[in-house]
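To start, the structure under review is shown below, and the notes come after it.
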Amino acid sequence: MKSILCVLLLCCSVIFAAQAQETNEAALKTWDKIYHVFSHPRCANCHVPDDNLPRWSGPSYAKTSVHGMNITGGQSRIGVETIMCSTCHAQSNADEPHGPPGAPIWMLAPVDMLWWQQSSSQICQQIKDPNRNGGRTLDEVAHHILEDELVHWGWAPGIGREPAPYSAEETADFVTLWAKAGAPCPQ
Amino acid sequence: MQLNVNGKQHEVDVEETMPLLWVLRDELAITGPKFGCGIAMCGACTVHINGMPARSCSIPVGQVSGQVTTIEGLGTPYAMHVVQAAWVEHQVAQCGYCQPGQIMSAAALLQVNPNPDDEAIDRALSANLCRCGTYPRIRAAVKTAAAKIRESNL
Ligand code: FES
Ligand code: FES
């Protein structure tokens with residue numbers, strides 16, 4: 001009797017472990033999609049380090065460089081120290097080819113939210129860390145993706161610029177799904 | 001639509017998507033701001049909106065709220081703005097085409113930084129192009145204007 005119980009317990013834990021691994025793998029696949037969005041030039045070009053220099057990269061540009069015209073976002077990340085981003089970036093995209101993109105607010109992401117040239121694992125750790133994600137829970141991160149007008153610009157960047165993959169709604173759903181599965185990060 | 005330019009209220013009958021520069025030049029005959037590129041790449045069209053610099057070629061007029069100031073409203077030949085006076089002192093202009101934009105950008109910089117070093121000047125004014133290459137004189141004039149502003153603040 002005792003040995004039957006033991007075998008049963010062993011079977012159950014093997015099944016649970018297999019299920020957990022499956023959930024973990026599915027969650028990591030979901031994270032991959034989120035990383036695909038966050039590392040896309042429409043997002044990463046402005047999630048830059050403390051050099052405060054916006055980047056020009058991706059298929060819309062012949063080569064990767066810092067923003068032309070010697071522009072810096074400064075420590076304010078909105079250019080107030082020298083020339084405000086809003087000097088050229090209006091509240092909407094210019095409809096002229098090579099004209100400036102625009103959104104109701106235009107700024108670099110806070111320096112803690114570094115995505116430029118970061119690995120999947122690094123961005124994953126950052127987005128889960130309230131000290132580096134603007135004090136948000138993952139639910140709030142999903143909400144931010146759904147609500148923020150500058151984030152939305154990533155999917156409607158104006159002529160001549162490749163939009164970020166998926167949509168704001170899909171990306172927010174990915175975050176919710178991944179969070180529910182324990183938000184695992186790749187190694 | 002109502003538009004306040006250089007302290008004067010104007011009624012303009014235009015599409016909201018028309019660039020502010022078009023409205024200023026073609027509707028109001030305020031021709032200090034110049035057309036260079038039309039895509040915020042040269043700075044010739046720079047004006048202030050509520051004291052902040054803006055490329056008027058790339059701002060739809062429907063997005064403008066508040067006071068627009070052009071080079072004509074910054075100062076006059078008889079009552080020059082400190083930046084305009086420094087420009088005269090250094091005889092900055094060559095052909096002059098880019099200069100309204102240069103002066104408007106410089107005046108905006110000096111409002112936030114009355115003691116800019118070379119790097120700050122280059123950061124703030126590199127997006128104002130000058131085909132005549134007056135950059136060294138622009139830099140010198142910005143420093144002269146900055147010194148005057150600091151003196152008057154003492
Ligand atoms: S005409 Fe506006 S920046 Fe060139
Ligand atoms: S003075 Fe001629 S373009 Fe600047």
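Labels below follow one simple rule: chain letters A, B, ... track the order of the sequence lines, proteins then strands, and each chain is numbered from 1.
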What closest approach, in Å, do [X] and [Y] show between heavy atoms, and which atom pair accounts for it?
X: B/Met41; Y: A/Met69; answer: SD-CE, 3.8 Å
X: B/Arg123; Y: A/Asn70; answer: NH1-OD1, 2.9 Å
X: B/Ile39; Y: A/Glu96; answer: CG2-CB, 3.7 Å
X: A/Ala90; Y: B/Ile59; answer: CB-CD1, 4.1 Å

Notebook entry, point to check: What residue, out of A/Gly99, A/Cys88, A/Ser86, has the most heavy-atom pairs lying under 4.5 Å from chain B?
Noted result: A/Cys88
Check: When heavy-atom pairs shorter than 4.5 Å are enumerated against chain B, which of A/Pro97, A/Ser92, A/Gly68, A/Gly74 gives the highest number?
Finding: A/Ser92
Notebook entry, point to check: Listed by residue number, which members of residues 64-81 of chain B have a heavy atom under 4.5 Å from any heavy atom of chain A?
Noted result: none
Margin query: Using a 4.5 Å heavy-atom cutoff, which residues in residues 49-57 of chain B come close to chain A?
Written below: B/Met52, B/Pro53, B/Ala54, B/Arg55
So how far is it from [X] [atom1] to [Y] [atom2], rounded to the nearest 0.5 Å?
X: A/Ile83; Y: B/Ser126; atom1: CD1; atom2: OG; value: 9.5 Å
X: B/Leu109; Y: A/Thr82; atom1: CG; atom2: OG1; value: 7.5 Å
X: A/His98; Y: B/Cys37; atom1: NE2; atom2: SG; value: 12.0 Å
X: B/Ser58; Y: A/Asp95; atom1: OG; atom2: CG; value: 10.0 Å

Answer with yes or no whether the hydrophobic clustering places [X] together with [Y]; edges join I, L, V, M, F, W, Y residues whose side-chain heavy atoms lie under 4.5 Å apart.
X: A/Val80; Y: A/Val111; answer: no
X: B/Met18; Y: B/Leu24; answer: yes
X: A/Phe174; Y: A/Val141; answer: yes
X: A/Trp153; Y: A/Ile71; answer: no
X: B/Val14; Y: B/Leu21; answer: yes

Is it the case that more than 12 heavy atoms not belonging to [X] sit under 6.0 Å from its [atom1] atom?
X: B/Glu16; atom1: CD; result: no
X: B/Gln9; atom1: CD; result: yes
X: B/Arg150; atom1: CZ; result: yes
X: B/His10; atom1: NE2; result: yes
X: B/Asn153; atom1: CG; result: yes
X: A/His36; atom1: NE2; result: no
X: A/Gln187; atom1: CD; result: no
X: B/Glu89; atom1: CD; result: yes

Check: Does any heavy atom of chain A fall under 4.5 Å from the side chain of B/Ala108, the backbone, both, or neither of them?
Finding: neither
Checklist line | Atom group of B/Pro60 that falls short of 4.5 Å from chain A, counting heavy atoms | finding: side chain
Notebook entry, point to check: Which residues pass the salt bridge (Lys or Arg N to Asp or Glu O under 4.0 Å) test with B/Asp122, sequence neighbours left out?
Noted result: B/Arg139
Note to self: Applying side-chain hydrogen bond (donor to acceptor under 3.5 Å, both in side chains), can you list everything that pairs with A/Ser119, at least two apart in sequence or on another chain?
What the structure shows: A/Gln122
